[in-house]
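Chain A is the first sequence line, chain B the second, and so forth, proteins listed ahead of strands; every chain is numbered from 1.
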Amino acid sequence: MALNNSNTEPEGGQFHEQLPREVSRWTNDGLITAEQGQAILGSYSPSELIPGSLRAQGRMVTGLSIIGAVLVGLGIILFFAANWDGIDRWPKLAIILGVIIAAHGLGYYLRYHRGYLRVGSAMVLLACIIYGAGVHLVGQVYNVDVNDSRLMLFWFLGVFPLVYIVRSQPIQFLGLALFLLAVGFRLPDWFSGISHGEVILGTSLFLILGLLILAIGRLKEEVQLLRPYSEVFQLVGMITALGAVFVFTFKDVFDSFDRGLYYDGEAELGFRIMIAAAGAITLSLVLATAWLHRRKESEFTVTGVEGVAIAILLAAAYLVVGVNTGGEVVYSIVFNALFAVTLLGVLVSGYMRGREAFVNIGLVFIGIDIIARYFEYSWDLLDRSFIFVAAGVILLLGGYLAEKGRQKMLERIRTTGGRS
Amino acid sequence: MSLYMKIAFWATVAGQIILLLAFVAYKENTLRSGTSVLLQTVPIDPRSVLQGDYAILDYEIAELPDSVVFSTGQRFYIRLIERQDGVWGAGGYYTEKPDSDDVFIRGTVKPGGRLEFGIDTFFVPEGTGQIIERASDVKVRVAVSSGGSAVIEELLVDGEPFDPRDSKAPDEPAKEPPPVAPAATPSLAPK
């Protein structure tokens with residue numbers, strides 16, 4: 001039976017919901033003054049004091065608005081994709097520009113004038129998706145190559161400032177996703193002078209960028225003003241970095257090492273600048289985070305361990321770019337071990353810091369890794385039918401154990417609020 | 001929302017519009033001021049998730065002569081010379097753009113050793129890719145700027161401008177391709 005939120009309301013949540021009523025009663029009973037009551041309530045953020053039922057409604061509105069925005073955006077993209085035959089290019093461009101401005105205007109009006117934060121943010125998100133459709137429409141009108149990296153770059157450049165202007169997690173997610181996509185579309189140009197080993201170089205870059213985004217998110221958590229921009233950065237960075245390490249757990253990725261160091265020729269300057277700058281900034285951010293955190297708590301904390309873990313993964317990314325061990329085995333063993341330890345660290349970090357999302361991400365990657373390793377090592381050895389039956393059993397068993405462990409862990413997080 | 005944030009919000013929206021218009025202006029400038037040339041091509045027909053149906057165009061001039069030493073990602077400038085049949089062919093391959101009034105198109109060597117020019121995609125209305133796929137002769141009229149960048153003006157299918165309404169029956173047999181006119185022998189420029 002899944003954890004039932006209605007029956008297991010977190011103790012902290014119940015306390016926050018009851019607090020305004022209790023403060024009012026204490027004031028009426030003369031136990032505290034009205035000023036003291038206000039001071040008590042003022043020490044909690046307004047969002048904490050909102051009843052759970054209202055918070056759930058808010059989440060539902062956010063979910064519906066975002067799904068609506070994404071569906072409308074996808075519809076518009078598909079509409080343009082059908083090439084909109086029969087309309088000249090100037091009316092096409094006028095329509096797309098008009099729709100972008102109208103969607104932004106409506107989002108601005110709803111969010112900042114009417115106070116509909118969630119629907120307003122969803123409209124701005126829709127405007128950003130339509131802007132991306134507009135960039136690709138211009139590409140279509142002028143027959144720009146499908147894989148032209150400028151298209152994603154323009155989309156990213158147009159959206160990213162809104163990550164910090166509009167305090168909306170979906171827009172933060174879109175901005176970061178576009179950054180990674182823009183880099184991904186640029187990779188073939190950076191590696192055009194290389195004969196083999198592009199997967200290793202590309203994955204290393206994404207590992208470093210994932211760690212960079214994660215490190216930015218961690219630093220923001222330490223700064224009160226930037227805290228609203230922290231969580232999405234940490235989640236996107238973590239998923240990107242874990243995804244990259246997961247790719248490195250396959251021994252076939254390192255096949256190109258059999259042909260010597262993986263590139264004949266050189267990766268272009270853009271790649272080298274990106275990989276050097278991202279690593280240096282990541283390390284600086286880790287140190288800055290540790291310094292800021294140390295001012296608050298001098299004792300040993302999970303933040304220090306996280307910083308060390310980021311530094312180790314960063315070193316691994318540079319090692320694989322710079323050193324050829326002469327075979328695929330060493331690296332795949334090292335990265336499998338690193339992946340296992342990292343996943344364990346993500347679970348522990350999620351538990352100790354009270355982050356359900358970390359726990360869920362860790363468990364999903366553990367499940368994916370089990371399936372991947374199973375198929376990687378047993379595909380050639382066992383009968384196909386047996387493989388599928390056994391895989392099914394493993395998945396069911398794994399699902400049961402994961403669900404059981406997750407429930408226990410989340411219950412502890414909710415009970416203790418992440419404080420061990 | 002503070003005044004600064006309001007300004008930043010609308011500045012970003014303005015930035016989006018300006019970025020799109022700048023992209024359009026760059027392409028329009030090449031279309032309006034560039035030299036119009038006709039290139040022989042062979043189309044292939046895939047699909048883009050974001051942008052719909054399109055044909056990949058593989059140009060006759062994209063093939064580097066055997067004697068040219070090249071590496072993937074290397075940039076070349078091809079001098080274009082008009083042949084008697086009106087199609088423009090390669091008159092020389094250069095790694096640097098020569099100081100000349102001739103028409104040059106800029107290309108980059110892609111894996112496999114062929115050149116791409118940034119005009120290798122032609123978008124068509126959904127379901128009309130078969131017109132290009134089944135044609136026996138496909139040429140592309142291209143505007144080439146003085147810097148060597150190119151924009152597609154129009155696609156000629158069997159000598160006629162591409163018309164998506166001119167869809168043929170799907171079971172009609174494809175025509176035999178006509179012999180391709182010999183390209184001008186490219187002169188190999190020193191690198």
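The contact between Y26(B) and chain A is made entirely by side chain atoms (from C-beta outward), counting heavy-atom distances below 4.5 Å. Only the side chain of L19(B) comes within contact range of chain A, with at least one heavy atom under 4.5 Å from a heavy atom of that chain. Neither the backbone nor the side chain of R111(A) comes within less than 4.5 Å of any heavy atom in chain B. Of the atoms belonging to F154(A), heavy atoms from both backbone and side chain fall under 4.5 Å from chain B.
Between chain B and the options V124(A), I101(A), N143(A), the largest number of non-hydrogen pairs under 4.5 Å is found for N143(A). Per-residue counts of heavy-atom pairs under 4.5 Å with chain B were compared for I100(A), V138(A), V141(A); the largest is that of V138(A). Ranked by non-hydrogen atom pairs under 4.5 Å with chain A, the options I152(B), V151(B), T121(B), L31(B) are led by T121(B).
Between H104(A) and F9(B) there is a side-chain heavy-atom pair separated by less than 4.5 Å. Side-chain contact between Y131(A) and L20(B): present, with at least one pair of heavy atoms (C-beta onward) separated by less than 4.5 Å.
Crowding of Y116(A) atom OH: a count of heavy atoms from other residues, nucleotides or ligands under 6.0 Å not exceeding 12. Within a 6.0 Å radius of CD in E96(B), other residues, nucleotides and ligands contribute 12 heavy atoms or fewer. Heavy-atom neighbours of E63(B) CD from other residues, nucleotides or ligands within 6.0 Å: at or below the threshold of 12. Crowding of Y112(A) atom OH: a count of heavy atoms from other residues, nucleotides or ligands under 6.0 Å exceeding 12.
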Tell me, with the steps shown, if W90(A) and V24(B) meet side-chain contact (heavy atoms from CB on, under 4.5 Å). CA-CA 10 Å; W90(A) 293 113; V24(B) 170; 4.0 Å; yes

Between F123(B) and V144(A), is the side-chain contact (heavy atoms from CB on, under 4.5 Å) condition met? List the steps. CA-CA 9 Å; F123(B) 290 95; V144(A) 174; 5.8 Å; no

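Here F122(B) contributes atom CZ and Q140(A) contributes atom CD; the two are 10.5 Å apart, rounded to the nearest 0.5 Å. Between the CG atom of L21(B) and the CG atom of L93(A) there is a distance of 8.0 Å, given to the nearest 0.5 Å.
Applying the side chain to side chain donor-acceptor pair (under 3.5 Å) rule to D102(B) yields the partners S100(B); only residues at least two apart in sequence or on another chain are considered. The side chain to side chain donor-acceptor pair (under 3.5 Å) search around T203(A) returns none, not counting sequence neighbours.
For residues 156-172 of chain A, a heavy-atom distance under 4.5 Å to chain B picks out L157(A), G158(A), V159(A), P161(A), L162(A), Y164(A), I165(A), V166(A), given by residue number.
Among residue pairs with one or both ends in residues 3-26 of chain B, none qualify as salt bridge (charged side-chain N to carboxylate O under 4.0 Å, His left out); sequence neighbours excluded.
A donor-acceptor pair shorter than 3.5 Å can be found between the side chains of Y142(A) and E28(B).
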